[in-house]
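As structure tokens, the structure follows; a few thoughts come after it.
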Amino acid sequence: MPSRPDVSDHARRRTVSLVTLGCARNEVDSEELAARLAAGGWELAAEGEDASVVMVNTCGFIQAAKQESIDELLGAAESGAKVAAVGCLAERYGHELADALPEAEILSFDDYGNIVGRLDDILAGQHRTAHTPRDRRTLLPISPVERTAAAEAARASAPADLPPGVAPASGPRTLRRRLSDSVVAPLKIASGCDRRCSFCAIPSFRGAFASRRPPELLAEAEWLASQGVRELFLVSENSTSYGKDLGDLRLLETVLPELAAVPGIERVRVSYLQPAELRPGLIEVIAGTPGVAPYFDLSFQHASGPVLRSMRRFGDRPRFLDLLDRIRALAPEAGVRSNFIVGFPGESAHDLEELEQFLSSARLDAIGVFGYSDEDGTEAESLPGHLDEAEVARRVEEVADLAEELMAQRGADRVGQTVEVLIEEKLADGQYEGRSAHQAPEVDGTTTVRSGRELTSGQIVRATVTGSDGVDLTATTDELAGLSPASSQPSSQADRR
């Protein structure tokens, strides 16, 4: 008579390693997937540990990100584990990716709600035909009634230490299980995008714009604070659209102060603002609300009017400079970052000069420069005036060199300023690594603080900038009193109310 399977061995085999690529929105999706899996009895493998299934949350934004995702999937397959691909690349290409990578099971956003069952099937060796990609812009965002039903179902099945939420069509919105102990965490305020930029395919696979309701955001913020988070990084495909599908385009102006007032949260930062949609009231709230970082992540993409029109975007160099003047009139030392596409079809030498003149005048803290490449299914694919790849590369190098010089100048301009630094890590010899208010996680550099007293992760201190190296700063607290979360001005919760 055959022996019964060892229960402990079965539990050990139901282990999953989560690999997250791409943006902070993917980080949130991974934490939600992790929560669903843990609630379903799957064990999450720590980094470096073997797992029976490796799930790669892929990025499908630009060619380099796609290749990184494919390389990660191939590497996981070589480890001997079963492999599942989720995320944007998996959603966007479906059958095509499955044909190219038979080693991996390709899952859709629609599989997220039953991710436990999907991974159980994969572990059991059951192969499912990959989904056929569809244009998710044609799908309506989840209705208020469906939101309520989803939230109630989530509450009924959620572990006690995880927050409730909802589930829009483009991804999971129920639970989170933190995958790091960082004092900074992304908080997704919306999913999808209703804009139709000619170079961007994201709306086609992320779907229509769907805002999360404020009570859901506040509940998740409170839970994140209970997990040791001190800075919330608000993420979405377009944060300036938040609330429009809920009937209140100014809802972000209301929600930001409420999030900043959550006990334990010391700083709230907003990402991805559309310049054409940046309202005066929103500028005032970001620039002047205690606990909200005066930080503007502005999606300029270019500064030449004709190129921006071809991109199906709005603005030009004078309008963008005027916007920056209005921001700095309220917050002179506000942090500003942006990304730019160089070599867009039809970009002339004059257009490139317009961009470079804008960069030279804008005093941006962080600048990302990307060379244009065709994205499948976008309008820009068929535009006339495509530039030779070598010319695009030459222009990228030219603009990137200018950007490096300008960012270094901007960093040097901050020497002598007093900054508020969120301490994230202890280094050696009385030094600590953190980020000033103008520095977003991972993309905008760091501030190394030297202090004669012990500092702790999650603490906010005032420091004087003593030096710079590109976007990175050095600072000291030696001549200033430190501001802890319990006593800071204006960072403490007690003094915000």
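Side chains included, hydrogens not; waters and symmetry mates left out as well; all remaining heavy atoms used.
- Counting only N and O atoms by type, the side chains of Asp245 and Ser211 include a donor and acceptor under 3.5 Å apart.
- Smallest separation of non-hydrogen atoms from Ala366 and Met407: CA-SD, 3.6 Å.
- Ion pair Glu220/Arg212 flagged as a salt bridge, since at least one NZ, NE, NH1 or NH2 atom sits closer than 4.0 Å to an Asp/Glu carboxylate oxygen.
- Taken from CG in Asp376 to CG in Asp374, the straight-line distance is 8.5 Å, to the nearest 0.5 Å.
- Within the 3.5 Å criterion, the main-chain N or O of Ala90 finds a donor-acceptor partner in the side chain of His131.
- Under a 3.5 Å cut-off, the side chain of Thr58 and the backbone N or O of Leu89 do form a donor-acceptor pair.
- From Thr20, atom OG1 reaches atom CE of Met55 across 8.5 Å, with rounding to the nearest 0.5 Å.
- The backbone N or O of Thr446 lies less than 3.5 Å from a partner atom in the side chain of Asp472, making a donor-acceptor pair.
- Looking at heavy atoms from C-beta onward, Leu187 lies out of side-chain contact with Val235 at the 4.5 angstrom threshold.
- In this structure, Arg313 contributes its side chain and Pro275 its backbone to no donor-acceptor pair below 3.5 Å.
- Nearest heavy-atom pair across Ala51 and Ala81 is O-CB, 3.4 Å.
- Look at Arg195 and Glu237 and you find no salt bridge, because none of the NZ, NE, NH1 or NH2 atoms lies under 4.0 Å from a carboxylate O.
- Within the 3.5 Å criterion, the main-chain N or O of Ser299 finds no donor-acceptor partner in the side chain of Tyr272.
- Within the 4.5 Å cutoff, the side chain of Val268 has no heavy atoms near those of the Val262 side chain.
- Proximity of a side-chain donor or acceptor of Asn26 to a complementary backbone N or O of Leu21 within less than 3.5 Å is detected.
- Shown here is Glu258, whose CD atom has more than 12 heavy atoms of other residues, nucleotides or ligands within 6.0 Å.
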- Please lay out, stage by stage, how Val270 and Leu256 fare under the test side chain to side chain contact (heavy atoms under 4.5 Å, CB included). CA-CA 9 Å; Val270 188; Leu256 278 173; 3.5 Å; yes
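- Using a 4.5 Å heavy-atom cutoff, the side chains of Val16 and Glu43 are not in contact.
- Taking the six-membered ring where tryptophan is involved, the planes of Phe340 and Phe300 are essentially parallel, since the angle between them stays under 30° and well short of 60°.
- Looking at Asp365, its side chain does come within 3.5 Å of a backbone N or O of Val336 through a donor-acceptor pair.
- No donor-acceptor pair under 3.5 Å is formed between the side chain of Ser30 and the backbone N or O of Glu27.
- Counting heavy atoms from C-beta on, the side chains of Arg196 and Pro203 come closer than 4.5 Å.
- Nearest heavy-atom pair, Cys59 versus Gly22, reported as atom, atom and distance to 0.1 Å: CB-CA, 3.8 Å.
- In this structure, Asp444 pairs ionically with Arg337, as a charged nitrogen and a carboxylate oxygen lie closer than 4.0 Å.
- Nearest heavy atoms, Gly60 versus Lys66: O-CE, 3.7 Å.
- Of the inter-residue distances, the one linking Arg36 atom CZ with Glu31 atom CD reads 14.0 Å to the nearest 0.5 angstrom.
- For the pair Arg269 and Tyr295, the cation-pi criterion (under 6.0 Å, within 45° of the ring axis) is fulfilled.
- In this structure, Glu253 pairs ionically with Arg279, as a charged nitrogen and a carboxylate oxygen lie closer than 4.0 Å.
- Taking OH of Tyr242 as the start and CG of Asp248 as the end, the distance is 9.0 Å to the nearest 0.5 Å.
- A salt bridge links Glu231 with Arg435; the closest basic N to acidic carboxylate O contact falls under 4.0 Å.
- Arg176 has its side chain within reach of Val28: a pair of non-hydrogen atoms, C-beta onward, lies under 4.5 Å apart.
- Inter-residue side-chain proximity for Leu427 and Thr448 is flagged as met; some heavy-atom pair is nearer than 4.5 Å.
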- Test log, rule side chain to side chain contact (heavy atoms under 4.5 Å, CB included), inputs Leu251 and Leu246: CA-CA 9 Å; Leu251 193 55; Leu246 301 178; 3.9 Å; yes
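- Using modelled atom types and a 3.5 Å distance limit, the side chains of Asp29 and Tyr112 yield no donor-acceptor pair.
- Contact check for Thr129 versus His95: side-chain heavy atoms found under the 4.5 Å cut-off.
- Taking 4.0 Å as the cut-off between side-chain N and carboxylate O, Glu216 and Lys188 do not count as a salt-bridged pair.
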- Going through the checks in order, is the side-chain hydrogen bond (donor to acceptor under 3.5 Å, both in side chains) test met by Ser108 and Glu91? CA-CA 5 Å; Ser108 167; Glu91 178 63 42; 2.7 Å; yes
- Task: Take Thr240 and Leu282 through the test side chain to side chain contact (heavy atoms under 4.5 Å, CB included) and record every step on the way to the result.
- Result: CA-CA 8 Å; Thr240 36; Leu282 183 54; 3.9 Å; yes
- Stepwise side-chain hydrogen bond (donor to acceptor under 3.5 Å, both in side chains) test for Ser241 and Glu277: CA-CA 8 Å; Ser241 284; Glu277 299 178 17; 3.1 Å; yes
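- Residue Glu105 forms a side-chain hydrogen bond (donor to acceptor under 3.5 Å, both in side chains) with just one option from Arg118, His127, Arg128, Gln126, and that option is His127.
- A donor-acceptor contact closer than 3.5 angstrom is absent between the side chains of Glu420 and Ser436.
- Residue Asn114 places its CG atom among more than 12 non-hydrogen atoms of other residues, nucleotides or ligands, all under 6.0 Å distant.
- Between Ile367 and Ala403 the shortest heavy-atom distance is CG2-CB, 3.8 Å.
- At a threshold of 4.5 Å between non-hydrogen side-chain atoms, the residues Gln301 and Met311 count as touching.
- Looking at every heavy atom in both residues, Asn238 comes nearest to Phe209 through O-CE1, 3.3 Å.
- In this structure, CD1 in Ile106 is found 4.0 Å from CG in Leu97, a value given to the nearest 0.5 Å.
- In this structure, Arg230 contributes its side chain and Leu422 its backbone to no donor-acceptor pair below 3.5 Å.
- The structure places CZ of Phe199 at 12.5 Å from CZ of Arg312, a figure rounded to the nearest 0.5 Å.
- Within the 3.5 Å criterion, the main-chain N or O of Thr15 finds a donor-acceptor partner in the side chain of Ser52.
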- Query: What do the steps show when you test Val229 against Val183 for side chain to side chain contact (heavy atoms under 4.5 Å, CB included), and what is the final call?
  - Reply: CA-CA 4 Å; Val229 170; Val183 295; over 6 Å; no
